[in-house]
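Encoded as structure tokens, the structure appears first; notes follow it.
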Amino acid sequence: HPATVASVVPPAWIERAGTRSSLLAGIELRNGDVIQAGAGGAILQRLPDGASASLAAESRMRVFGLESVRIPVPGAAPQAPDASRAQTTLRVDLLAGTARFANQEEDSEFGFMIRAGDVLASLRRGVLRASLEADPELCLLAGRALVQRQARLLTLDEPDTCFTQTGVRQALPAGAA
């Protein structure tokens, strides 16, 4: 199940194997691709199980890998046909700007590994916004995410909670200064 570019608001580009070209809807992303939305641009990717990743204007992201692995199902007999299930993870590196990662499906087998600067986040189900506007900031909008910076590992499980260089804080409500 590849990650596919679902829609593009130009200007937007893809860098693949050293060549930069305009990004078009329908392109399947590969390991090593760098996608970029220019001023006023935006990119929406559709992923397995209804998950999505979107890139805001003036943002860049590298796709490190779309991996499928089989993981054991707790309590299943080891030789049973349903002893393991597929799990797919998209690994990305946010290089600049802001991206939003979403997977709201209850039974989804999909997840994200997101690097933003020196912060690493894992999101299995929920919505996470990552930003490199100044310092790395990852805000959980829904669900649950694991966030790591250096040796510090935290679980974000409260909506509108952000992880920043200075620690964890509640996000400001919409319209707040």
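All figures in this text were calculated on a predicted structure; none of them were measured in a lab. Computation of the quantities below employed the complete heavy-atom set of this structure, encompassing side-chain atoms and omitting hydrogens, waters and symmetry-equivalent molecules.
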Subject >> Shortest non-hydrogen contact from A6 toward A25 >> reply: O-CB, 3.6 Å
Subject >> L94 to A99 - nearest heavy-atom pair and separation >> reply: CD1-CB, 4.0 Å
Original post:
Rounded to the nearest 0.5 Å, what separation is found between the CG atom of L132 and the CG atom of L138?
Top reply: 8.0 Å
Original post:
How close do G117 and P136 get, heavy atom to heavy atom, and via which atoms?
Top reply: CA-CG, 4.1 Å
Original post:
Could you walk me through whether V5 and I43 pass the side chain to side chain contact (heavy atoms under 4.5 Å, CB included) check?
Top reply: CA-CA 7 Å; V5 176; I43 301 166; 4.2 Å; yes
Subject >> Residue pair I35 / V63, side-chain heavy-atom distance below 4.5 Å >> reply: no
**OP:** Rounded to the nearest 0.5 Å, what's the gap from CH2 on W13 to OG on S22? Could you check?
**Re:** 8.0 Å
Subject >> S122 OG to M113 CE distance, which is reported to the nearest 0.5 Å >> reply: 5.0 Å
Original post:
Minimum heavy-atom separation for V8 to L24, with atom names?
Top reply: CG2-C, 4.0 Å
Original post:
So, are R62 and E15 salt-bridged, with charged N and O less than 4.0 Å apart?
Top reply: no
Original post:
Taking the side chain as C-beta and beyond, is there a heavy-atom pair between F163 and L156 under 4.5 Å?
Top reply: yes
Original post:
Closest heavy-atom contact between S52 and F112?
Top reply: O-CZ, 3.4 Å
Original post:
Do T4 and I27 have side-chain heavy atoms sitting under 4.5 Å apart?
Top reply: no
Original post:
Do the side chains of V92 and F101 get nearer than 4.5 Å, heavy atoms only?
Top reply: yes
Subject >> Audit row: R46, L44, side chain to side chain contact (heavy atoms under 4.5 Å, CB included) steps and yes/no >> reply: CA-CA 7 Å; R46 288 283 178 218; L44 174 65; 3.6 Å; yes
Original post:
Going by heavy atoms in the side chains, are V147 and L120 under 4.5 Å from each other?
Top reply: no
Original post:
Is Q148 reaching over with its side chain to a backbone N or O of Q150, donor-acceptor style, under 3.5 angstrom?
Top reply: yes
Original post:
Under the 3.5 angstrom rule, does the side chain of T98 hit a backbone N or O of A56 as a donor-acceptor pair?
Top reply: no
Subject >> Pairs satisfying side-chain hydrogen bond (donor to acceptor under 3.5 Å, both in side chains), at least one member in residues 30-42, at least two apart >> reply: R16-D33, Q36-R60
Original post:
Less than 4.0 Å between a side-chain N and a carboxylate O, is that true for R149 and D118?
Top reply: yes
Original post:
Under the side chain to side chain contact (heavy atoms under 4.5 Å, CB included) criterion, do R100 and V127 qualify, and how do the steps go?
Top reply: CA-CA 7 Å; R100 183 177 184 270; V127 181; 3.4 Å; yes
Original post:
Which heavy-atom pair separates G40 from V9 by the least distance, and what is that distance?
Top reply: O-CG1, 3.5 Å
Subject >> Reported OG-to-CD distance for the pair S7 and Q45, which is rounded to 0.5 angstrom >> reply: 10.0 Å
**OP:** Find the distance between CG (N103) and CG (L128) and round it off to the nearest 0.5 Å.
**Re:** 12.0 Å
Original post:
Should L140 and D160 be marked as a side chain to side chain contact (heavy atoms under 4.5 Å, CB included) after you check the CA-CA gap, both sets of side-chain angles, and the distance that decides it?
Top reply: CA-CA 5 Å; L140 182 72; D160 301 319; over 6 Å; no
Subject >> 4.5 Å side-chain heavy-atom contact, L29 and I14 >> reply: yes
